[in-house]
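Following: one structure in structure tokens, then a few remarks.
Heavy atoms only: backbone and side chains are in, while hydrogens, waters and symmetry mates are out. Fair warning: this is a prediction, and the values are worked out from it, not measured in the lab.
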Amino acid sequence: MAPAQAAPEILGSWQRCIEDYQLDPERNLRAPRLSDSEVRQARGLQDSLLHSAEPVFERLRYLGGNSGYCVLVTDASGIVLREYIDSNRGQELAEKGLSVGTVWSENLVGTNGLGTCLATGEALTVYAGEHFGRELQRFSCSTAPLIAPDGNIIGALDISTYAQGDKIGQGLALNLVCDTADQIEAAMFRHAFARHQLLALVSSPLADAGQSNALLAVNDSGWILGATSAALLQLGVAERCLIVGQGLAVLTGASLDDVQRAPWSLEQGPGSGCWLMRLAGEAVRRTTPAPAPATSVSAPRPSLDSPLYRAAGSDPLLQRNADICHRVLNRDICILLQGETGTGKEVWARAIHDSSSRHDKPFVTLNCAAIPESLIESELFGYSAGTFTGGLKGGKVGKIEASHGGTLFLDEIGDMPLMLQARLLRVLAEREITPLGQVKPVGIDLHVLCATHRDLTEAVAQGEFREDLYYRISGVRIGLLALRDRQDRLALIEKVFAELRESNQIAIDEPALQVLGSYHWPGNIRQLKNALQFALCMCDGRAVRITDLPDEVFPPAPGEPVNTNAIAAPRATVLPPDRLVSLVGAEGGQVEEDEKAQILAALQQHRWVVLRAAEALGVSRSTLHRKLKKYGLSET
């Protein structure tokens, strides 16, 4: 059982270990260790993210080497990628597994500083007997998450030592690890938003803004693009989404010009008692970038017109993902694209291929969920002549061999059968395949991109996906936002519409655009395309209006039962706006006037959702559309 009077986060972790992970606290839970090549692959990704924070790591090297502490840095999976250990204690700590290459995820090792921090997203100390496994109960581990500029956890920073005295005495270590994690986050934030205006929250107008970890990034129009965790804490804001996309003046009462002229006091509301200051030199760097040193080996920043940036659009989080992908291109690092169905994973995969040095070589796709299990092996590896009855006479080249020199995109990798997962893992390690019915292996110049809508860590925990394959294909994990979460949602809708329309003369009117922008889009971009294609078919050839939109984009009418079989998602909150209906053009006659009034009443009762109004009137949808055009009721 968990120690008496343990903190809630410790009790919750123990409960997960017993109930969810089925771990036994009486067993020795040794941390698994990855191969050197797997560590190098994961380290390459994290170095590309953390390179701007190297001065902080230099201080950690001194701390770990001279103060009796063991300092560890992991990625988001709990893999230790850096260690700074006192030489006098290094051997014993290493024997306990506190070394590079070990994996400290909570579901494998139980309650521990690194794993539990990554599981909860919170800074914490796990002291002595609070560790789930007996191997670590001599130690005290204080850990804080490492937060990327987009708010995602990319790893954890841990300071461990021998447990002495009581847990309260470890407060200094926890404060130290939290402050250092904030410094690392701020360094990455400054680098990621170097092209924008950076503002700091400080305690005094005389403070050095350059030393602050509480930072905001805003564009030239004063819209907030990002915030560090320290800034959220200062402002009393729980989530980034509550302020990202908001105007600086709305949040603080100060315009960007106000802050640029002089420090701005936040006297009331969020951050009261703080001062908002521009980081010195930011505006100059934005307009006249300093040339890179002659000795720099960093790759130049790619053009913003590259395929990856076009796929990202203007959403800052997706642009950050494009930055990450550009940094790892051509470095033999596998990229895993994760996102809901319809978020454009294949579009991103092709953009990665087109941005790489392999762009003139084949781009081969295989949807692992769309091919019967009995056929997927031959699709991947191919087969020689005569292998199957009914097979092609000359055999068949598999997808892997067909992608030689180019890129193999495995969509829905989470649905690949376990038997094939083992074969794929071997191919990735050995870079050769053996087609079915053949003995001699074939060497392959292979680069693999994978995508899934599933949570593969959960699939690993349930035994549905190989853990070693997961670490092999997830050197870089790129999360693609759902359409409803994108800040450039309206611009993206207009872009997709422009690609689908046959004439530049057709537009979307503003009320229809607002309805589309407010819908939750459970099918994401794929569903958006279907809805826009339908609207183009229904419109009069001049503009898409509310009456042309499919009924799915509207909320239910008052009193109408909600379809409980539909996908659970937030419903749109914007209803079709009130209309000013033109009655010009009616053919006269009391019958037609009565019909027109009846149609108008039905439309108003059902909030201009044409399908519901047609059902109420007892006519087909197409008939009602003809009547709308006849009486001019579709005009706004």
Side-chain angles (χ1 to χ4, degrees), residues 49-50 52-53 55-56 121-123 144-157 174-260 262-283 285-286 315-317 319-320 487:
L49 297 174
L50 298 179
S52 55
V56 183
E122 302 290 338
L146 297 176
I147 309 295
D150 60 4
N152 289 321
I153 295 176
I154 61 168
L157 174 67
L174 185 59
N175 288 339
L176 176 61
V177 78
C178 288
D179 183 63
T180 304
D182 282 345
Q183 293 176 33
I184 294 171
E185 179 183 355
M188 290 190 293
F189 191 87
R190 292 189 194 97
H191 176 78
F193 290 102
R195 294 176 294 156
H196 301 284
Q197 297 279 4
L198 291 178
L199 309 177
L201 289 160
V202 294
S203 58
S204 163
L206 302 178
D208 181 1
Q211 299 299 313
S212 175
N213 298 325
L215 304 176
L216 298 176
V218 299
N219 63 13
D220 293 341
S221 300
W223 295 100
I224 298 174
L225 303 177
T228 62
S229 301
L232 297 178
L233 184 63
Q234 290 269 47
L235 295 170
V237 177
E239 299 288 344
R240 283 170 177 77
C241 61
L242 299 177
I243 62 171
V244 171
Q246 190 176 144
L248 180 68
V250 174
L251 180 68
T252 66
S255 68
L256 182 57
D257 288 340
D258 291 332
V259 180
Q260 287 178 331
W264 182 272
S265 175
L266 303 180
E267 298 178 353
Q268 296 179 347
S272 58
C274 296
W275 292 77
L276 195 60
M277 300 175 64
R278 179 177 64 83
L279 266 66
E282 290 301 318
R285 182 169 71 247
R286 182 172 47 86
D315 184 276
L317 298 183
Q319 286 186 337
R320 173 61 178 162
Q487 294 185 30

Which pair of non-hydrogen atoms, one from [X] and one from [Y], has the smallest distance, and what is that distance?
| X | Y | value |
| --- | --- | --- |
| Leu317 | Asp315 | N-OD1, 2.9 Å |
| Ala123 | Pro145 | N-CD, 3.8 Å |
| Ala181 | Leu157 | N-CD2, 4.0 Å |
| Leu198 | Phe189 | CD2-CE2, 3.8 Å |
| Ala217 | Phe193 | CB-CG, 3.5 Å |
| Ala187 | Ser52 | O-OG, 3.4 Å |

Inter-residue atom distance [X].[atom1] - [Y].[atom2], 0.5 Å rounding:
| X | Y | atom1 | atom2 | value |
| --- | --- | --- | --- | --- |
| Gln487 | Cys241 | CD | SG | 10.0 Å |
| Ile243 | Leu235 | CD1 | CG | 5.5 Å |
| Asp257 | Trp264 | CG | CH2 | 11.5 Å |

* Which side chain to side chain donor-acceptor pair (under 3.5 Å) pairs, counting each pair once, include a residue from residues 174-188, with sequence neighbours left out? -> Arg59-Gln183, Asp179-Gln183, Glu185-Ser229, Glu185-Arg240
For a 4.5 angstrom cut-off between non-hydrogen side-chain atoms, does [X] reach [Y]?
| X | Y | answer |
| --- | --- | --- |
| Leu201 | Leu266 | yes |
| Leu146 | Ile153 | no |
| Met188 | Ile154 | yes |
| Val218 | His196 | no |
| Asn213 | Thr228 | no |
| Val56 | Leu50 | no |

With no hydrogens and no angle check, is any side-chain donor or acceptor of [X] less than 3.5 Å from a backbone partner on [Y]?
| X | Y | answer |
| --- | --- | --- |
| Arg190 | Gly210 | yes |
| Ser212 | Val202 | no |
| Ser221 | Trp223 | no |

* Do you know which of Leu279, Leu248, Leu215 makes side-chain contact (heavy atoms from CB on, under 4.5 Å) with Leu199? -> Leu248
* Residues that Ser255 engages under side chain to side chain donor-acceptor pair (under 3.5 Å), provided they are two or more places apart -> Asp258
